[in-house]
Asker: 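Pasting in a structure now, in structure tokens, and then I'll have a few things to ask.
Throughout, protein chains are lettered first and strands after them, A, B, ... in sequence-line order, and every chain is numbered starting at 1. For the numbers below, each heavy atom of this structure counts, side chains included, while hydrogens, waters and symmetry mates do not.
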There are 2 protein chains.
Amino acid sequence: MQHAFAVVLKDLRVSLGISQEELGFKANYHRTYISQLERGLKIPTLTTVFELAHVLKITPAEFIERVQQAFEKALSEEWTR
Amino acid sequence: MQHAFAVVLKDLRVSLGISQEELGFKANYHRTYISQLERGLKIPTLTTVFELAHVLKITPAEFIERVQQAFEKALSEEWTR
DNA sequence: GTGTAGACTTGGGTCGACA
DNA sequence: CTGTCGACCCAAGTCTACA
């Protein structure tokens, strides 16, 4: 689940063509924290998700939906193994 | 924003007709913590949102969407004052 | 059944430095 | 530009108890 969030976050950031530094700066989070999020080392707070979504130009709900899908996909791949 | 989450959480719980105790039990969180969430004293982690959504029989994305709407509504009411 | 208080542990989030 | 380390602070989440 932390991993699902991590992947989606990185995908969104890369597809915007911005760096971790830039994302961190715009969302008011430390550069190293973004790094930790993208590696699934930390899991954000709801408020953090809202801030990140804002910078990533996506609604929080859409953001979560993608996490959900990535999560379920990971689960189904577990099952079929 | 914490307030928006609080309201939505309480609404969902009440509409299911279950107590804070029961919600806490089913989602594996302490009773008093649910109380704090519903009063906007604490803001949950993403994983917590997922667990709560599960017990509340709603998808995390829908859950967040409702929070979003409650949040924007609160903002617009600020504006028009 | 819920609010609140206080004390406690874990993990979110910061920050500087170096590869 | 990113990963990682280590130290730090504060908020998430627990738990007991009493109104």
Asker: Provide, to the nearest angstrom, the distance between the CG atom belonging to A/Leu23 and the C1' atom belonging to C/dT14.
Answerer: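 To the nearest whole Å, that distance equals 16 Å.
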
Asker: The side chain of B/Ile43 lies closest to which of these nucleotides: D/dA12, C/dG3, D/dC1?
Answerer: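 Of the candidates, D/dA12 comes closest.
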
Asker: Tell me which nucleotide among D/dT4, C/dG1, D/dT14 gets nearest to the side chain of B/Glu21.
Answerer: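 Nearest to the side chain of B/Glu21 among the choices is C/dG1.
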
Asker: How many whole angstroms separate atom CZ of B/Phe25 from atom C1' of C/dG1?
Answerer: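 The distance from CZ of B/Phe25 to C1' of C/dG1 comes to 17 Å, rounded to the nearest Å.
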
Asker: Less than 6.0 angstrom separating the ring centers of A/Phe5 and B/Phe50, yes or no?
Answerer: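 No - the distance between ring centres of A/Phe5 and B/Phe50 does not fall below the 6.0 Å cut-off.
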
Asker: Could you tell me the separation between the CG atom of A/Leu41 and the P atom of D/dC5, rounded to a whole number of Å?
Answerer: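 Nearest whole value for this atom pair: 9 Å.
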
Asker: Measuring from the side chain of B/His30 (C-beta onward, heavy atoms only), which nucleotide among D/dC15, C/dG12, D/dA12 has the closest atom?
Answerer: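 For the B/His30 side chain, the nearest candidate turns out to be D/dC15.
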
Asker: Can you measure B/Asn28 atom CG to D/dA12 atom C1' for me and round it to whole angstrom units?
Answerer: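 Value for this atom pair: 16 Å.
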
Asker: Does A/Gln20 put a side-chain nitrogen or oxygen below 4.0 Å from OP1 or OP2 of D/dG3?
Answerer: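 Result: yes.
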
Asker: Applying the side-chain hydrogen bond (donor to acceptor under 3.5 Å, both in side chains) test to B/Gln20, which of B/Glu38, B/Arg31, B/Lys10 qualifies?
Answerer: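 The passing option is B/Glu38.
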
Asker: Does A/Arg13 use its side chain to pair, donor to acceptor, with the backbone of A/Leu56 at less than 3.5 Å?
Answerer: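 No, the answer is negative, given that no donor and acceptor are paired below the 3.5 Å cut-off.
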
Asker: Roughly how many Å is it from CD in A/Glu51 to P in C/dT14, rounded to a whole number?
Answerer: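 My rounded result for the distance is 11 Å.
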
Asker: Applying a 4.0 Å non-hydrogen cut-off, can you work out what A/Ser35 is touching in the nucleic acid: base, sugar-phosphate, or nothing?
Answerer: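 Base: the residue A/Ser35, judged by heavy atoms under 4.0 Å, touches a nucleobase.
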
Asker: Between the base of C/dG16 and the side chain of A/Arg31, is there any donor-acceptor pair under 3.5 Å?
Answerer: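 Answer no: no donor N or O sits under 3.5 Å from an acceptor.
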
Asker: From the list D/dC1, D/dA12, D/dA17, which nucleotide is the closest neighbour of the side chain of A/Ser19?
Answerer: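 Nucleotide nearest to A/Ser19's side chain: D/dC1.
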
Asker: Send over the distance from A/Tyr29 OH to C/dG12 C1', rounded to a whole Å.
Answerer: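 From A/Tyr29 OH to C/dG12 C1': 10 Å.
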
Asker: Ignoring backbone atoms, test whether A/Arg13 places a side-chain nitrogen or oxygen under 4.0 Å from the OP1 or OP2 oxygen of D/dC1.
Answerer: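 So the side-chain polar atoms of A/Arg13 never come under 4.0 Å of the phosphate oxygens OP1 or OP2 of D/dC1.
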
Asker: May I ask you to decide whether B/Lys26 forms a salt bridge with B/Glu22, counting only side-chain N to carboxylate O separations under 4.0 Å?
Answerer: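 Counted as a salt bridge, because a side-chain N and a carboxylate O are separated by less than 4.0 Å.
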
Asker: Taking the side chain of B/Thr32 as heavy atoms from C-beta outward, which of C/dG1, D/dC15, D/dT4 is closest to it?
Answerer: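 Between C/dG1, D/dC15, D/dT4, the one nearest the side chain of B/Thr32 would be D/dC15.
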
Asker: Answer with base, sugar-phosphate or nothing: what part of the nucleic acid does B/Thr48 contact at a heavy-atom distance below 4.0 Å?
Answerer: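 If one applies the 4.0 Å heavy-atom cut-off, B/Thr48 turns out to touch the sugar-phosphate alone, with no base involved.
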
Asker: Roughly, in whole Å, what's the span from CD1 in B/Ile34 to P in C/dT4?
Answerer: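 So the CD1-P distance, B/Ile34 to C/dT4, works out to 16 Å.
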
Asker: Which whole-number value in Å describes the distance from A/Lys42 NZ to D/dG6 C1'?
Answerer: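 Whole-Å distance recorded here is 11 Å.
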
Asker: With no hydrogens and no angle check, is any side-chain donor or acceptor of A/Ser15 less than 3.5 Å from a backbone partner on A/Asp11?
Answerer: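 Confirmed, A/Ser15 side chain pairs with A/Asp11 backbone.
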
